[in-house]
Amino acid sequence: MGFALSIQISALSWILTTQYRLDIHDVGLVWAAGPLAGILGQVIIGVISDRVWFWNGRRRPFILVGGVLAAFILLALPNLDIVSGSLGIGGILGVAIAVALTLDLAINVSFNPTRSIIADVTDAGDERTKGYTWMQTISGTFGVLAYAIGAVFNNYVLIYAGAIIVLLFSVVPTLFITEPAELPGEAPTAPSDAERRGGGQDSIPGMLIAIRPLWGFLVYDIFAMGRRMAGLEPDNYFAEIACVVVTLLLVAQALMEKDSRQPGSLTSFRRVIAAHSFSWVGIQTTFVFLFAYLQQQLPGLSNIDLGRVGSMSFLVLNAVGALLPALVLMPLAHRIGRIRTHVTCLVFMTAGYLGLFWLGTTPFHIYLWMAVVGIGWAAIVSLPFAIVSQKVSQARMGLYMGLFNLSVVLPQLVVSLGVALMISRAPDTNIIFLVSAASLALSAIAWSFVPEDV
């Protein structure tokens with residue numbers, strides 16, 4: 001699934017801009033399909049996979065189904081015009097959104113069980129950290145392969161070759177996975193008083209209580225999506241400013257909340273999602289709008305060459321992200337703790353974005369600073385999963401991995417619906433790196449308030 005996601009990151013904005021001529025705002029809207037799929041896919045699949053057992057597993061069947069579906073949907077990306085014509089639909093935008101939504105739904109159906117199964121088969125502590133860091137090293141290596149194909153050949157070759165690779169590696173490895181039939185603490189941890197009044201951990205009120213620091217993102221996403229679907233174009237940023245203020249207040253409240261010894265308390269979980277959410281505002285801004293920056297900064301390059309520069313940029317990012325987790329972050333986390341390790345990496349990532357803002361004027365300088373950004377990326381896609389897995393009930397790991405993913409997808413929607421609006425009006429697209437730097441700096445500060453597990 002990491003390979004499929006890398007194909008999307010490398011090729012989606014490029015193909016929408018060059019082949020289908022969509023503008024920045026419409027590209028951002030297509031990218032909104034991913035967070036929407038994450039909201040639906042990861043939470044629902046997480047709840048279901050906690051409760052079922054079929055095809056000799058609770059997580060494995062979802063990995064298999066999601067991977068096969070993703071492989072076939074990838075083939076639609078370079079053929080959106082054919083799909084649109086076959087369905088008798090005049091515009092590309094609606095078809096692009098539908099295909100992106102289906103692809104992201106398939107990826108998310110597999111992502112949650114993949115992350116949950118590592119917690120299922122490892123003990124808490126260093127062993128689990130090792131599991132998640134090696135997960136990212138392997139996934140990141142496949143990501144590097146994806147970007148290498150795009151950089152050496154082109155993104156069309158990447159898409160078609162990627163569909164075959166995703167299909168093979170979604171089917172074959174699942175045949176060798178052995179899952180525990182019962183999980184430690186199979187009886188769920190008792191909910192807190194607030195969650196009991198809300199109807200339980202996996203009720204909608206209970207989930208909303210668990211993700212309270214994300215309410216500002218959630219309300220803005222609903223409002224902005226409705227505004228976008230109604231075709232309204234705001235001439236101010238009042239809603240975006242309100243989102244920032246409310247989110248900062250809710251995050252501050254979560255970080256300052258007193259620890260509760262009551263069984264089922266989600267105080268630590270809320271701190272983690274509060275801190276993690278800011279990281280993804282910055283990361284998603286880079287994923288969606290880097291190609292727009294390259295178009296502005298390197299106007300002499302053809303679309304194919306711009307695609308290669310974009311692929312090489314993400315290759316460098318993921319090469320660092322693949323090498324560091326198991327080789328550097330795991331031993332460092334054992335020595336100084338996972339939280340301190342994570343904060344340190346986010347500080348480097350912030351510096352990398354500032355370097356891109358001031359000095360990212362040539363392909364070489366872009367690659368150099370993307371390598372620095374990759375230090376933070378290595379931590380973001382490995383350490384938080386090990387951290388959050390020890391702050392929730394293992395019998396509800398699928399549910400809480402799904403809710404944890406909301407700290408990714410709700411900020412991603414803010415980027416597609418709010419940040420995209422700002423960037424489309426900005427005279428210089430290098431503002432994306434200021435947005436990313438500010439977001440990662442806030443995330444580093446917030447993570448410093450998360451207590452280390454003893």
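- To the nearest 0.5 Å, the span separating CG on Leu383 from OG1 on Thr341 amounts to 6.5 Å.
- Taking the centre of each ring, Phe3 and Tyr147 stay at or above the 6.0 Å mark.
- Taken from NE2 in His342 to CG in Leu329, the straight-line distance is 10.0 Å, to the nearest 0.5 Å.
- How far CD1 of Ile209 is from CD1 of Ile204: 12.5 Å, rounded to the nearest 0.5 Å.
- Atom CZ of Arg59 and atom OG1 of Thr174 lie 15.5 Å apart (nearest 0.5 Å).
- A salt bridge between Arg115 and Asp120 is absent, with no side-chain N of the basic residue lying under 4.0 Å from a carboxylate O of the acidic one.
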Fill in: Intermediate values then yes/no, salt bridge (Lys or Arg N to Asp or Glu O under 4.0 Å), Arg340 and Glu452
CA-CA 8 Å; Arg340 288 182 181 177; Glu452 185 77 57; over 6 Å; no
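- Between the side chain of Ser110 and the backbone N or O of Ile107 there is no donor-acceptor pair closer than 3.5 Å.
- Ion pair Arg228/Glu233 not flagged as a salt bridge, since none of the NZ, NE, NH1 or NH2 atoms sits closer than 4.0 Å to an Asp/Glu carboxylate oxygen.
- There is no side-chain donor-acceptor pair under 3.5 Å between Ser277 and Ser407.
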Discussion item. As a quick check of understanding, evaluate salt bridge (Lys or Arg N to Asp or Glu O under 4.0 Å) for Arg425 and Glu240, giving each step before the final call.
Written reply: CA-CA 14 Å; Arg425 298 172 177 176; Glu240 288 71 26; over 6 Å; no
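- Applying the side-chain hydrogen bond (donor to acceptor under 3.5 Å, both in side chains) rule to Trp280 yields the partners His276; only residues at least two apart in sequence or on another chain are considered.
- Proximity of a side-chain donor or acceptor of Glu127 to a complementary backbone N or O of Thr122 within less than 3.5 Å is not detected.
- Taken from CE in Met225 to CG in Leu413, the straight-line distance is 5.5 Å, to the nearest 0.5 Å.
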Discussion item. Apply ring pair (Phe, Tyr, Trp, His ring centres under 6.0 Å) to residues Phe433 and Phe289 and explain how you reach the verdict.
Written reply: CA-CA 10 Å; Phe433 301 127; Phe289 302 114; over 10 Å; no
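- The pair Arg270-Glu257 counts as a salt bridge, with a side-chain nitrogen and a carboxylate oxygen less than 4.0 angstrom apart.
- Taking the six-membered ring for Trp and thresholds of 30 and 60 degrees, Trp377 and Phe287 have ring planes more than 60 degrees apart, a perpendicular arrangement.
- Under a 3.5 Å cut-off, the side chain of Asn318 and the backbone N or O of Gly321 do not form any donor-acceptor pair.
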Practice prompt. Carefully, step by step, assess Tyr400 and Phe269 under the rule ring pair (Phe, Tyr, Trp, His ring centres under 6.0 Å).
Written response: CA-CA 9 Å; Tyr400 285 111; Phe269 176 77; 5.4 Å; yes
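- Between the side chain of Ser13 and the backbone N or O of Ile9 there is no donor-acceptor pair closer than 3.5 Å.
- Among all heavy-atom pairs drawn from Val166 and Gly67, the shortest one is CG1-O, 3.7 Å.
- For the pair Leu442/Val251, no side-chain contact is recorded, criterion being any heavy-atom separation below 4.5 Å from C-beta on.
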